[in-house]
Amino acid sequence: MPGNRWALRYCGNMLSLTIKEVSLALREGKISPLELCRKCLKRIKKTQHLNAYITVTEELALKQAEEAESRLLQGVYQGILDGIPFAVKDNFCTENIRTTCASRMLKDFLPPYNATVVQKLLDQGAVLVGKTNMDEFAMGSGSTDGVFGPVRNPWSYAAPYREQSGGAEDDSEWVITGGSSGGSGAAVTSLTSFLALGSDTGGSTRNPGALCGAVALKPTYGLLSRHGLIPLVNSMDVPGIVTRSTSDAAIVLEVLQGRDLKDSTTVQSPTSHAGFSEDFDVRNLCVGIPKEYHAPGLSQETLAQWSRLADLLEGAGARVREVSLPHTQHSIVCYHVLCCAEVASNMARFDGLEYGHRSTEDSSTDAMYAASRHEGFNAVVRGRILSGNFFLLQQNYERYFLKAQQVRRLIAEDFEHAFSAGVDVLLTPTTLSDAASYSHFIQADNRTRSTQEDVFTQPANLAGLPAVSVPTALSSRGLPIGLQLIGPAFQDGMLLSVAHWIEQRVGFPSISNYEVPNK
Amino acid sequence: VQPGKPSATSPRHWKSSDTSPTSPTRLVGVVGLEIHAQIQSNTKLFSGSKVGFSAPPNSLVSFFDASLPGTLPVLNRRCVEAAVMTALALNCTINKKSFFDRKHYFYADLPAGYQITQQRRAVAVDGQLAYSLLGGRKRNQIQSRTVRIKQIQLEQDSGKSLHDDQRSQTLIDLNRAGVGLMELVMEPDMSCGEQAAAAVRELQLVLQALGTCQGNMSEGQLRVDANVSVHRPGEELGVRTEVKNINSARFLSRAIDYEIQRQIEALGRGEAVLNETRTYDSKSGHTIPMRDKEGLQDYRFMPEPNLPPLVVYEDRGSVPAGLLGAEGVVVLEGLREGLPELPSVKRARLVRSYGLLPEHSFTLVNEDGLMEYFEAVVKETRKEPRKLIGWVTNELLGHLKHHNLSVSKCPVSPSALAELLELQEAGHISSTVAKQVLGEMWRDPGRRAPEVVREQDLGLVCDSSDLQRVCQRVLDSHPDLVRALQEGNKKVLNRLMGLVQKETKGRADPVLVRSLLEEKTS
């Protein structure tokens, strides 16, 4: 393992603990919530150069931590997350805390309500430390296209990468976090929060999870409420969970899942399915390797990790077999058509009237709309709106939107066939390779990059299936590589159990093993 | 050109065969209606905010209504049930599964930039509404007609824009934004304004009976747009115009008739009818083209991804176990049984139980509250309903119409009228006097009939010596009539009786007068 090449230097830092560990420490009185919160806030300041946060809610966090402290002193626990700092992607509404979607359009938007998933965390006593950076309106795969600037991958500043990329002094070769939930990925791996909410429409949580070395879960569509999540594509969006361990992801999933009357597409988690288990026996497991995922551009190292994991599972008694998902090749095109169409529709509300950016142009209402929207949205958003409206024109509807919906059905059926033929989980790469340097990444436009980056992740969104990215190793460049597991609908618990099994065997290092990521 | 459709030369063909008596050469109107009915519900279609007509601006607006990002629609079961009940009352087929769609256009009072409606499949289709008109020269003949209902769909209402031209500002009130609407599409089965107005009136009565819409056109609870075209019967339909901004049944009728006439005249001048939207100007009684800067709109319809299909279950047994008792489950059984008495059934019942004429039942049901008034009077008198009906539909309604009052504002209560009619029935006053007393009661609400009769000494004169004198006086002053009567002209007797009644101000007992007159002239 590459990590062994560097001297391990455990920080002895409470910030590097898992939720499970820190929750126990809090309850046993070994750590105080206020102290924990202050440390997180301090570390946020120290890692400011990562640009992981758009808004740091310092005052509120300290107040919440104080409340948690007085609860814990009285021995009253609000929940397993009581007193634990968390971060939220800036496309989830937070009451009276600005929620920008990293867009000029919502730069000063103060939502009057909390998203359901945020409220559930707050109800547990968790402490909100800030709102994380992203691509504008979650349209992107690098966290490079937001109005607040790009997010830097914490591993850019850790020893493994710095040592091989030629000198700690050179800052120009920092690598991206992936996206669009790059801020959440960076927040969790740079140890400024114990969990973060992302959103996942085509891979936006799993992609930065893989590139930042975090566990990133995209739950089954309908399991978590989208109420308060500013939508990208309603029929694919799910709140994503970013943590440092699979057990932590299971804890957060348990807290967040369930029917919400405010979101008519949510369902009660079926009780018939097995929950998360840390002692999962892989001997009865059938793992499918979709042959179509041997995509062009897949790096040798990622491919090697993929094979290694398949061998590891097989060696432990699981049945590993090749499966075919024949419509995979059409998936990304289908995704883009549906994505643009819903984007065009969802963005129609941003007209500068009720909220959001309003241009000073006032010659007519129409002129005001046009100017507000032009000024408020970046070129990526405007481009997708334009394409989406084109796809939805009466003359194009059948040829694009309807066709894409039909292909979407075929893609979902591919998965159904695989699972009904006895496969329990699919094992695939999450991304083509490890994180690209920013300078390299921006050489291609957002659309090209999204097409490359979402290739393995968006089929699960089209089919509404649960998927999780687990970090497996550091690449020769010293950057995380993640693999993805995809399971049948509502088998999120089982999926995390398999991920846990993998996690226990790959021994992926925490960033705290290396030098503190400081600029 | 489609087969079977007339070619461009067909108008000439019709003209050449003008001599044939069956040749339909006259242009006639064809009218279809699109009706938006605001659903009577405490809360909006997809949000929990209240519905109210005259609340302060923007005081009934939820986060969803203002289209705050991240908010999602939650279907209001009451609104679905209202649409289903309406559909059942109009003999529609209920779609067991229907869908919601987004219809996009930018407008200041449409905060989301799209309206949630039902484009692909509406909640109900293929219904019909039976309605009647009073026809004939005396307008006492019932003409029964039917208009087909193409579909009923659920959709959101928009907010309201107020344009302040002086300050060149537009003010937005979102109180109405998101209120549930039923859009009813009526096929072009009508041919004139009167028919359309009668169909709308019948629909109003149905909606009010069901309690699914208050149906007040002037308050915008019922908004009617008319699609109007003209053609020669048997030929394909002409180019149609859509007439909007009609806020009463009377204006609807006028607007349609004006538009039909306008189109006929335009074609007569060799001009074409344009496919356009026109607005009705109630002052001039004309329809005027609406300025439409945007031209043709492409609404870019898309399925609403935040709402699952709307499922209506036949009975409780067909509801999946997990959903029984859950929010938003709509079951036909129960709704069907709970339907109230509809206007057509009411009319039939009135004819059957009271022996009324159909036109009377028509008047009773069509006038708000008149049937209830009538039934209350019936309960309190011994007078036969058939004899009483004229008092309600002629005398009372005449007074109401004259003073432009609704039944609910009638100053004469049913029991007061009953008391008056009771006096007449018992032979204490004549019908002429009864009408006079009703007039008094109308002028001075609160006065009861016996009081008026006593004070003004209006009781029947039954004293034969008094009547003897009056009769003799009449006979003496009309020797010509007496002669005619004696020569066998029996009709003259009625004349004489009338003269006696005139002398006694209608207070004479007619039976007594007749026998006295007969006796004296024989």
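Just so we're on the same page: letters track the sequence lines, and every chain starts at 1. All values below come from the heavy atoms of this structure, side chains included, with hydrogens, waters and symmetry mates left out. All values derive from a computational prediction rather than experimental measurement.
Distance CG/A/Leu392 to OH/B/Tyr299: 15.5 Å, rounded to 0.5 Å. Put simply, CZ on B/Phe100 and OG on A/Ser264 are 10.0 Å apart, with the number rounded to the nearest 0.5 Å. Interatomic distance, CG of B/Leu68 versus OG1 of A/Thr99, reported as 11.0 Å (0.5 Å rounding). We find the CG-OG1 distance between B/Leu307 and A/Thr265 to be 9.0 Å, quoted to the nearest 0.5 Å. Rounding to the nearest 0.5 Å places CE of B/Met302 at 9.5 Å from CG of A/Leu338. Going from atom CG of B/Asn306 over to atom CG of A/Asn346 covers 7.5 Å, rounded to the nearest 0.5 Å.
Scored by the ring-ring contact (aromatic ring centres under 6.0 Å, His included) test, A/Phe401 finds A/Tyr397 as partners (sequence neighbours excluded).
Heavy atoms closer than 4.5 Å to chain B are found nowhere in A/Asn396, neither backbone nor side chain. With a threshold of 4.5 angstrom between heavy atoms, B/Phe301 approaches chain A through N, CA, C or O but not through any side-chain atom. Only the side chain of A/Phe109 has a heavy atom closer than 4.5 Å to any heavy atom of chain B. At a 4.5 Å heavy-atom cutoff, A/Gln268 makes no contact with chain B through either its backbone or its side chain. For a residue to count as touching a neighbouring chain, one of its non-hydrogen atoms must lie under 4.5 Å from one of that chain's; by this rule A/Asp351 touches chain B with the side chain only. The parts of A/Ile230 that come within reach of chain B are both its backbone and its side chain, each placing non-hydrogen atoms under 4.5 angstrom from that chain. Neither the backbone nor the side chain of A/Phe92 comes within less than 4.5 Å of any heavy atom in chain B.
Between B/Phe63 and A/Tyr113, the ring-plane angle classifies as parallel under the 30° and 60° cut-offs.
Contact count versus chain B (heavy atoms, under 4.5 Å) is highest, among A/Val233, A/Asn389, A/Leu353, A/Leu402, for A/Asn389. Contact tally against chain B (heavy-atom pairs below 4.5 Å) for A/Cys93, A/Gly356, A/Ala348: the top residue is A/Ala348. The most heavy-atom pairs under 4.5 Å with chain A, out of B/Glu304, B/Arg300, B/His104, come from B/Arg300. Residue with the most contacts toward chain A among B/Pro73, B/Pro111, B/Gly48, B/Pro308: B/Pro111 (heavy-atom pairs, distance under 4.5 Å).
The environment of CG in B/Asn42 is sparse: at most 12 heavy-atom neighbours from other residues, nucleotides or ligands sit within 6.0 Å. Summarising the local packing, NZ of A/Lys262 is surrounded by 12 or fewer heavy atoms from other residues, nucleotides or ligands at distances under 6.0 Å. When the shell of 6.0 Å around CZ of A/Arg382 is examined, it contains more than 12 heavy atoms from other residues, nucleotides or ligands.
Across all non-hydrogen atoms, the minimal contact from B/Gly70 to A/Pro231 is N-CD, 4.0 Å. Heavy-atom minimum distance, B/Thr71 versus A/His227: CA-CD2, 4.4 Å.
Checking side-chain atoms of A/Arg349 against main-chain N and O of B/Ser67 turns up a donor-acceptor pair under 3.5 Å. Side chain of B/Asp298 to backbone of A/Gln394: a donor-acceptor contact under 3.5 angstrom is found.
Residues A/Glu354 and B/Leu174 meet the side-chain proximity criterion, which asks for heavy atoms closer than 4.5 Å. With a 4.5 Å cut-off on side-chain heavy atoms, A/Gln405 and B/Pro303 count as touching.
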